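Structure first, commentary second.
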Protein chains: 2
Amino acid sequence: MRIGELARRAGVSTRTLRYYESRGLLPTRREVNGYRVYDDGDLRLVEQIRTLQDFGFGLEETRPFVECLRAGHPTGDSCPASLDVYRGKLAELDTLIDELRAVRHEVGAQLARAESDLPDPPDPLCQMKG
Amino acid sequence: MRIGELARRAGVSTRTLRYYESRGLLPTRREVNGYRVYDDGDLRLVEQIRTLQDFGFGLEETRPFVECLRAGHPTGDSCPASLDVYRGKLAELDTLIDELRAVRHEVGAQLARAESDLPDPPDPLCQMKG
DNA sequence: CCTTGCGTTGACGTCGGCGTCAAGGTCTAG
DNA sequence: CTAGACCTTGACGCCGACGTCAACGCAAGG
């Protein structure tokens, strides 16, 4: 399989695949003419990367998973290093969510205060008259 | 007051102030020699911008607040446009928080599954022997 | 021979909010 | 006169994950 087919099957662009390769996440096997050649294992690598990316992982954070798969393990998270990344991400998410909730609370309070200072323009069809 | 003093009092860099000006958020009054000149009202503008930025608002989102202040209103959120930004941000935060919680749930599940498949290396001082 | 559809590398563009020079002008104190 | 502390504009750098374009090679069909 060449880069175009892998791209189609993985649902990414060829540019993305070349970028992953430049980051050392994909192997660099070539045909005689210089074309990149891939197999189903490489498809799994890309799928693993995409899954994690969709979760908001940075590319570097996917590296342990990729290396785990390339080492022959059944899944990308069959290795301790991957689990550490999971744990780190959980902590990061917890922190972030807490911060966002605090901000949400703040903004909500500001909105409430501002709304009470400046009551919104009354409905013209249902205006209070006295 | 000139740019350096405003920067100190607002706790930002002069670069930041010039950037705000380039975005049309700060006025462009000058002394005879070309130096920028500011007053306390401008300090309030910068403080308003910083407050919102700390909440995660983009610069463009601070514009209604800034214009509201510059229009002479007592606070940046004394205008309907500002309230709309508040409301939009609240919706955005709610969506984002929900997404992050979903991701957190997913990642947590993956970690649990992977940990059960690959129990962590037992404590070397308390290793099971039989 | 020519087109079509693949592939290749290299390099610049994107987005936000500035940081960080570079090269110069202005004003004040000594 | 000079040092220094301030100011000016302009322009490139940064981060991440690519998009997009240029200019070219390779292979097959008509």
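These numbers were taken from a predicted model, which means no experiment stands behind them. Both backbone and side-chain heavy atoms feed into the values below; hydrogens, waters and symmetry mates do not.
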**Message:** Would a single hydrophobic cluster contain both A:I3 and A:L43, if residues Ile, Leu, Val, Met, Phe, Trp and Tyr are joined by side-chain heavy-atom contacts under 4.5 Å?
**Reply:**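 A:L43 and A:I3: one cluster.
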**Request:** Could you verify whether a donor N or O on one side chain and an acceptor N or O on the other, from A:S22 and A:R18, lie under 3.5 Å apart?
**Result:**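 No, A:R18 and A:S22 have no side-chain donor paired with an acceptor closer than 3.5 Å.
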**Prompt:** Heavy atoms under 4.0 Å, any strand shown: does A:R36 hit a base, just sugar-phosphate, or nothing?
**Reply:**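 It contacts sugar-phosphate atoms only.
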**Request:** Quick one: label B:R23 by what it contacts on the DNA or RNA (base, sugar-phosphate, nothing), any heavy atom closer than 4.0 Å.
**Result:**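 Nothing: the residue B:R23, judged by heavy atoms under 4.0 Å, touches no strand.
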**Request:** Treat primed atoms plus P, OP1 and OP2 as sugar-phosphate and everything else as base, then score nucleotides 16-27 of chain C 5' to 3': B for base contact with protein heavy atoms under 4.0 Å, S for sugar-phosphate contact only, - for none.
**Result:** -BBBB----BBS
For atom [atom1] of [X] and atom [atom2] of [N], their distance in whole Å:
X     : N      : atom1 : atom2 : answer
A:E61 : D:dG16 : CD    : C1'   : 12 Å
B:E21 : D:dC7  : CD    : P     : 13 Å
A:Y38 : C:dG7  : OH    : C1'   : 11 Å
A:E31 : C:dG7  : CD    : P     : 10 Å
B:R8  : D:dA5  : CZ    : C1'   : 11 Å

**Asked** Can you check whether B:R18 has a side-chain N or O nearer than 4.0 Å to OP1 or OP2 of D:dT9?
**Response**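 The answer is no; no side-chain N or O of B:R18 sits under 4.0 Å from OP1 or OP2.
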**Request:** Output yes when B:E106 and B:R101 qualify as a salt bridge under the 4.0 Å nitrogen-oxygen rule, no when they do not.
**Result:**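 Salt bridge between B:E106 and B:R101, a charged N being under 4.0 Å from a carboxylate O: no.
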**Asked** Ring centroid separation for B:F65 and B:Y86, is it under 6.0 angstrom?
**Response**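 Between B:Y86 and B:F65, which both carry aromatic rings, the centre distance is below 6.0 Å.
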**Asked** Think B:K89 forms a cation-pi with B:F57, using NZ or CZ under 6.0 Å from the six-ring centre and within 45 degrees of its axis?
**Response**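 Cation-pi check for B:K89 and B:F57: passes.
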Would you tabulate the side-chain donor-acceptor contacts of residues 23-32 of chain B under 3.5 Å, counting partners in other chains and residues two or more places apart, or write 'none'?
from: B:R29; atom 1: NH2; to: B:D42; atom 2: OD1; distance (Å): 3.3
from: B:R29; atom 1: NH2; to: B:D42; atom 2: OD2; distance (Å): 2.4
from: B:R30; atom 1: NH1; to: B:G34; atom 2: O; distance (Å): 2.8

